Q: 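This is the structure I want to talk about, given as structure tokens.
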Amino acid sequence: MSKKVYSDAKAALDGLLHDGMTILAGGFGLCGIPEHMILAIRDSGVKDLTIASNNAGVDDFGLGLLLQTRQVKKMISSYVGENKTFEAQFLAGELELEFNPQGTLAERCRAGGAGIPAFYTKTGVGTIIAEGKETKEFDGETYVMERGLTGDLAIVKAWKGDTAGNVVFRKTARNFNAPMATAGKTCVVEVEDLVEPGQLDPDGIHLPSIYTHRIFQGQDFEKRIEFRTVSDG
Amino acid sequence: MSKKVYSDAKAALDGLLHDGMTILAGGFGLCGIPEHMILAIRDSGVKDLTIASNNAGVDDFGLGLLLQTRQVKKMISSYVGENKTFEAQFLAGELELEFNPQGTLAERCRAGGAGIPAFYTKTGVGTIIAEGKETKEFDGETYVMERGLTGDLAIVKAWKGDTAGNVVFRKTARNFNAPMATAGKTCVVEVEDLVEPGQLDPDGIHLPSIYTHRIFQGQDFEKRIEFRTVSDG
Amino acid sequence: MAWTRDEMCARAAQELEDGFYVNLGIGMPTKVANFIPEDMDVNFQSENGMLGMGPFPTDNEVDADLINAGKQTITETPKSVYFDSAQSFAMIRGGHINMSILGALQVAENGDLANWMIPGKMVKGMGGAMDLVAGVKRVVILMDHNAKDGSAKLLKECNLPLTGAGVVDDIITELGLFTIGEGGVHIQELAPDVSVDEVRDRSEATIVTQ
Amino acid sequence: MAWTRDEMCARAAQELEDGFYVNLGIGMPTKVANFIPEDMDVNFQSENGMLGMGPFPTDNEVDADLINAGKQTITETPKSVYFDSAQSFAMIRGGHINMSILGALQVAENGDLANWMIPGKMVKGMGGAMDLVAGVKRVVILMDHNAKDGSAKLLKECNLPLTGAGVVDDIITELGLFTIGEGGVHIQELAPDVSVDEVRDRSEATIVTQ
């Protein structure tokens, strides 16, 4: 029943990390990132990582931490602004970068998890994103073929999860966590609140247990805010 | 605010029906079918319909009603057992039938709603389902190309909806309702319970309001059960 | 002595492992659920949109919104979760289901499966069977060794329209458990007092002994 | 007299219709939300996974789990709904969003748009811009008529890498509202006292009068 439950990030990632692997990391900006697993991956020293993540964190938080330690060989992202470490390593030729349009990246993960090796999209047709890719006409319009994306490991942050592996996200922290969870050969989920089966509404679960191979409750989430914008109310 | 809300099925479908149109109908067996709209479509007398629906109802309920009145020209389905009217009309050559594997039908609707004109799947490779369709190899395996599917109208049954068009399904009545809702040029939703915006959990909505063009609360749902199987407890 | 239907289901249940996610076909495969050890955690998927399927309801638990892929009323369990048909088959097609146990009309020695259509008779449709055999990690067929007229169902080649090409992993019949492998159908296990000759007599496929 | 930035945003807001679902780009387009009439129901999508986006929170409403696509903290409204990134872009790519208002570096007279990359400078990435311009029903560009160095941004051809080919419908600048059409950029409306000659002087694109 609780064979999926681990005590912390280090235990949950034990045996899953190896040099040169591909990791799919949930989150958008710093919102909904698996912050405990990012720290555990840094501490493990695993290197030459290919990481698919919409963003690259900031210099001293999120995936930026793995850039500082030069554990990342390649990023697959849609937007990497807000990270000076990234800029420096990229301009020095120390980091590979594959830009995917945000929706194409999301759909590639969704497809990878759904057994769809390729799909067609209008996104990027006529731009450098379509260069070298197959195109095809449907009903008089040109589309570009994009491949499904899978990874050795998906690292996912959620709000609540049960010990069977059913998972619920909160507000815009859902983002890439759900599609990436489905595309990892192994998927590890860190939650703020781990509960018993039956405590989550079965109509309201965002990620069914079948995708969750390991799960743990993180302690003291920082949940850093990137741009705190407020009004006078 | 309530411009999407209509009084009943007839009002909600007013102006949307025309001979020869394609209708996407949610439901699995008799579970989660838009029973009020099926009756209203029957009463409208619209004909030569192409209907995509996983099943064809039973003789005297669900889509079977539109077969009895010979309003249907073609069905796109994965399983049409349990309907003798269907059998008679099909064997008499009065009804066209396009079989889609259940998952392919669901994915075609999801793709149609998501702007994906075609995708590749292993389902059906080497069978008559793949005949006449393009195939392609990815990583040494053969896949068949399937097209996204859209319709003039999606008719959807849900549990609760708000007047803005956000919708929640209940248990296994969700089935094809969600993907088909996204693939209709117009989508009309019938709900058991229509509530005000803010009364549904924004993390628990299955169909965002953007897909719902019209909505109404149905009265006296029959919700017929196809095979009532019980245990002694 | 050939296995009874209950023994066939029990034998199929032995192929399950703790933590497995399993999809059971309509008919005999459904009964495999009755033979799972109490202490084994097996999670049943119903392709109409549910994981964690429970048994039939009592009379007053019956819920029209809660059915399985055979359109029978069922119940939920504490681990239940519901999803739509596109998500359900994303799960199936994506290889996330560990095992599917299905019936068959014919199985060929190369793993071809026919279980959805008999031309000339009424065609009901493949439902989710083509998706299941294409996507699920391991496909186990649970069927009578021969058709009602005595003809072989384990064949060199299927002559009925295929559900999938080269998709079957194992076959359980009243005569034993067989695996599709190099050179044909390999005998893994025979029911008590069933001989290799009997299997050969009642099959058209090439039967390989270990 | 050219429009002020507020007047440009107000003019863009006039293009919205009751019931519209709209995605606003980062920067000036975000401010269009401030100019929508009280009685008009416009629903804002944020491509990181939300419909029904509300304004910035008060200090004690700030929620790290609730941000917009610019990573700014925001609030929810009674009509809010959250979804994942794949669903968000299914909505965008599938043509369900009525309008997107975006900034631009360059627009060509055939509707080509460049707004994501300046080779040689740091490349931040396209984010969701390529998906938005490819999928949204109507793409309106809100930008200064000229670059800071005075060079034209309305061009015969873009020389920066494209965000999308032939994707722009309309352009609003401080000089007026323009539409991509037969033969070039059509003047729909000019700001007070702005002449066709001024538009031609400050553009490289072919300017067409009605």
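Convention: sequence-line order gives letters A, B, ...; per-chain numbering from 1. Keep in mind the model is a prediction, meaning the values are calculated, not measured.
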Q: Looking at B/K223, B/M180, B/H206, B/R110, which has the largest count of heavy-atom pairs under 4.5 Å with chain C?
A: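 Greatest number of close heavy-atom pairs with chain C: B/K223.
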
Q: Is chain B contacted by the side chain of C/S80, its backbone, both, or neither, given a heavy-atom distance below 4.5 Å?
A: neither

Q: Under a 4.5 Å heavy-atom cutoff, which of C/G128, C/G127, C/P55 has the most pairs with chain B?
A: C/G127

Q: Among C/S88, C/A165, C/A64, which residue forms the greatest number of heavy-atom pairs with chain B at distances under 4.5 Å?
A: C/A64

Q: Sort out for me which of B/E107, B/K122, B/R170 touches chain C most, counting heavy-atom pairs under 4.5 Å.
A: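 Top count of heavy-atom pairs under 4.5 Å with chain C: B/R170.
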
Q: Which region of C/D112, side chain (C-beta onward) or backbone (N, CA, C, O), has a non-hydrogen atom less than 4.5 Å from a non-hydrogen atom of chain B, or is it both or neither?
A: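 It is neither, since no heavy atom gets under 4.5 Å.
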
Q: Any donor-acceptor pair under 3.5 Å linking the side chain of B/H213 with the backbone of B/C187?
A: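 Yes: the side chain of B/H213 pairs with the backbone of B/C187.
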
Q: What do you reckon, is CZ of C/R200 surrounded by more than 12 foreign heavy atoms closer than 6.0 Å?
A: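 Correct, the count exceeds 12.
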
Q: Which residue out of B/G29, B/C109, B/C31 racks up the most heavy-atom pairs below 4.5 Å with chain C?
A: B/C31

Q: To the nearest 0.5 Å, what is the distance between CG (B/N55) and CZ (B/F28)?
A: 5.5 Å

Q: Just checking, is any N or O donor in the side chain of B/E190 or B/H36 under 3.5 Å from an acceptor N or O on the other one?
A: yes

Q: Nearest 0.5 angstrom please: C/Q45 CD to C/N68 CG, how far?
A: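 It is 11.5 Å, given to the nearest 0.5 Å.
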
Q: Less than 4.5 Å to any heavy atom of chain B: does that hold for the side chain of C/E61, its backbone, both, or neither?
A: neither

Q: Nearest 0.5 angstrom please: B/T229 OG1 to C/Q72 CD, how far?
A: 4.5 Å

Q: Quick one: pull up CD in C/E109 and CD1 in C/I171 and give me the separation to the nearest 0.5 Å.
A: 10.5 Å

Q: Is the positively charged end of B/K157 above the ring of B/F221, judged by distance under 6.0 angstrom from the centroid and angle within 45° of the axis?
A: yes

Q: Looking at C/D201, I want to see if its CG is surrounded by more than 12 non-hydrogen atoms of other residues, nucleotides or ligands under 6.0 Å.
A: yes

Q: Is it the case that more than 12 heavy atoms not belonging to C/E157 sit under 6.0 Å from its CD atom?
A: no

Q: Less than 4.5 Å to any heavy atom of chain C: does that hold for the side chain of B/E131, its backbone, both, or neither?
A: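 Neither the backbone nor the side chain of B/E131 comes within 4.5 Å of chain C.
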
Q: Please flag which part of C/I92 lies under 4.5 Å from any non-hydrogen atom of chain B: side chain, backbone, both or neither.
A: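 Neither part, no heavy atoms under 4.5 Å.
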
Q: Got more than 12 heavy atoms from elsewhere within 6.0 Å of NZ, B/K84?
A: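 Not buried by this count: 12 neighbours or fewer within 6.0 Å.
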
Q: Determine which residues belonging to residues 129-144 of chain C lie within contact range of chain B, meaning some heavy atom pair is under 4.5 Å apart, and list them by number or answer 'none'.
A: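 Residues of residues 129-144 of chain C touching chain B at under 4.5 Å: C/M130, C/D131, C/A134.
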
